[in-house]
Amino acid sequence: MVIMLHGDLGDACTPFDRYSADRHLAASGGRFAVAAVDDWPSADITGAVLPYLRANGLDTERIGLLGWSSGGAGALRLAAELGPKRVWAVAAASPAVTASQAPLRDLVDIPVWLGCGERDDWALQTQTMLKGLRALGATAEGRVTSGCQDMAYRRRVLPEQLAFLSRHI
C-alpha cells in the first residue's frame with residue numbers, strides 16, 4: 001500500500017486524472033495499490049485512512065509514501081513520524097521543505113527517493129537533503145534534473161518514483 005499526498009493545488013483525483021498513476025503502476029508491474037488522500041494536511045492518515053484501507057482488505061502494516069511539493073514534505077514528515085517499522089520507502093518530488101527542517105536523521109533507515117527540476121525553487125534544498133541523507137549512510141536515490149515543478153516534470157519522474165517504491169515494498 002502506498003499513500004499519495006498531492007501538492008497544494010491537487011486533490012485525491014489528481015494523481016490519476018492528470019498523471020495516470022494507475023496506468024504507470026500497471027505498466028511497471030508494481031505489486032501495490034496507491035491511495036490518494038483528499039485534503040491530506042488535515043486528514044487523519046494513521047487514525048482514519050489506514051484503518052479504513054485495512055478494513056477493506058488492504059495490507060497497511062507497512063506502507064510506502066509518495067508526495068509532490070507540499071505533499072512531498074508531508075510524506076517525508078509522516079515517514080519520519082511512523083519510522084522504518086511502519087514505512088518501507090518514501091518518494092518525494094520537489095518536496096517543499098528546507099533541508100534544515102527536513103527530518104533527515106529520522107529517515108536514515110527508510111529508503112528515500114528525492115527529485116526536483118533544476119528550475120524549481122526547491123532544487124537546492126533537494127540536492128542538500130540528498131547529500132545529507134547519503135552522508136548519514138541512508139539509502140537515498142534521485143537527483144535534480146531538467147525541468148521545474150510542473151505537470152511535465154511530475155509525469156516524467158512518476159515512473160521512476162513507482163519503480164523505486166516497487167523495489168522497496
Side-chain angles (χ1 to χ4, degrees), residues 2-38 40-41 63-80 87-169:
V2 169
I3 304 297
M4 170 68 191
L5 305 178
H6 57 76
D8 286 340
L9 301 177
D11 61 27
C13 295
T14 301
F16 308 102
D17 293 348
R18 288 192 181 162
Y19 300 100
S20 304
D22 50 335
R23 291 185 193 104
H24 286 294
L25 182 58
S28 76
R31 299 181 53 99
F32 56 87
V34 175
V37 179
D38 248 343
W40 64 263
I63 61 170
L65 296 165
L66 173 61
W68 300 326
S69 188
S70 60
L76 294 173
R77 281 192 295 272
L78 185 58
V87 177
W88 288 90
V90 59
S94 306
V97 62
T98 64
S100 63
Q101 294 173 326
L104 300 184
R105 292 195 182 283
D106 296 326
L107 296 170
V108 169
D109 295 321
I110 300 170
V112 177
W113 183 98
L114 296 174
C116 197
E118 65 187 359
R119 294 188 318 271
D120 189 309
D121 291 341
W122 296 103
L124 181 58
Q125 296 297 327
T126 300
Q127 188 64 42
T128 302
M129 286 187 285
L130 277 168
K131 287 179 184 176
L133 285 166
R134 290 172 180 151
L136 291 168
T139 300
E141 296 181 28
R143 65 198 171 287
V144 174
T145 59
S146 64
C148 61
Q149 190 178 161
D150 61 8
M151 188 178 289
Y153 174 78
R154 290 178 182 163
R155 281 186 174 159
R156 191 173 73 244
V157 300
L158 181 58
E160 187 177 340
Q161 290 175 307
L162 294 172
F164 170 83
L165 291 166
S166 289
R167 286 194 307 275
H168 295 284
I169 292 182

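Owing to the predicted nature of the structure, the values given are computational and were not obtained by experimental measurement.
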J.: Just wondering, do L158 and L66 contact through their side chains at under 4.5 Å, heavy atoms?
T.: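 Yes, at least one pair of side-chain atoms sits under 4.5 Å.
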
J.: Tell me the closest heavy-atom pair linking A96 and A73, and the distance in Å.
T.: O-CB, 3.5 Å

J.: Over all heavy atoms of both residues, which pair between P15 and M4 is shortest? Give the atoms and the distance, please.
T.: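 It is CG-CG, 3.5 Å.
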
J.: Strictly distance-based, threshold 3.5 Å: is any side-chain N or O of R134 a donor or acceptor partner for the main-chain N or O of T139?
T.: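 Side chain of R134 to backbone of T139, a donor-acceptor pair under 3.5 Å: no, none is there.
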
J.: With a 4.5 Å limit on heavy-atom distance, are the side chains of T128 and L130 in contact?
T.: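 When only atoms from C-beta onward are counted, L130 and T128 do not touch, as no gap falls below 4.5 Å.
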
J.: Would you say D11's side chain and D38's backbone share a donor-acceptor pair under 3.5 angstrom?
T.: no

J.: A side-chain contact here means heavy atoms from C-beta on lying under 4.5 Å apart; do F32 and L162 qualify?
T.: yes

J.: Heavy atoms only: give me the nearest A123-V144 pair and the separation to one decimal.
T.: O-CG2, 3.7 Å

J.: Distance-only criterion, 3.5 Å: show the donor-acceptor pairs between side-chain atoms of residues 101-118 and protein atoms not counting sequence neighbours.
T.:
residue, atom, partner, partner atom, Å
Q101, OE1, T98, OG1, 3.1
W113, NE1, E160, OE2, 3.1

J.: Closest heavy-atom contact between F164 and V90?
T.: CE2-O, 3.5 Å

J.: What are the two closest heavy atoms between T145 and R156, and how far apart are they?
T.: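 T145 and R156 have their closest heavy atoms at OG1-NH2, 3.4 Å.
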
J.: Carefully, step by step, assess E141 and R167 under the rule salt bridge (charged side-chain N to carboxylate O under 4.0 Å, His left out).
T.: CA-CA 12 Å; E141 296 181 28; R167 286 194 307 275; 2.4 Å; yes

J.: To the closest 0.5 Å, what do you measure between CG (D120) and OG1 (T126)?
T.: 7.0 Å

J.: Taking side chain as C-beta onward, heavy atoms only, is D22 less than 4.5 Å from V34?
T.: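 No - every pair of side-chain heavy atoms lies 4.5 Å or more apart.
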
J.: One pair to check against side-chain hydrogen bond (donor to acceptor under 3.5 Å, both in side chains): W122 and Q127. What are the steps and the verdict?
T.: CA-CA 9 Å; W122 296 103; Q127 188 64 42; over 6 Å; no

J.: Below 4.5 Å, heavy atoms only, C-beta onward: do S69 and R154 meet side chain to side chain?
T.: yes

J.: To the nearest 0.5 angstrom, please state how far the CG atom of L165 sits from the CD atom of Q161.
T.: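 Going from the CG atom of L165 to the CD atom of Q161 covers 7.5 Å.
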
J.: Tell me, do I63 and V2 make a side-chain contact under 4.5 Å, heavy atoms counted?
T.: no

J.: With a 4.5 Å cut-off on side-chain heavy atoms, are L5 and W68 touching?
T.: no

J.: Testing the basics here: between Y153 and A93, what is the closest heavy-atom pair and its distance to 0.1 Å?
T.: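 Smallest heavy-atom distance, with atoms named: CE2-CB, 4.1 Å.
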
J.: Does R23 reach the side chain of F16, with side-chain heavy atoms less than 4.5 Å apart?
T.: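 No - every pair of side-chain heavy atoms lies 4.5 Å or more apart.
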
J.: Can you tell me how far CE of M151 sits from OG1 of T14, rounded to the nearest 0.5 angstrom?
T.: 8.5 Å

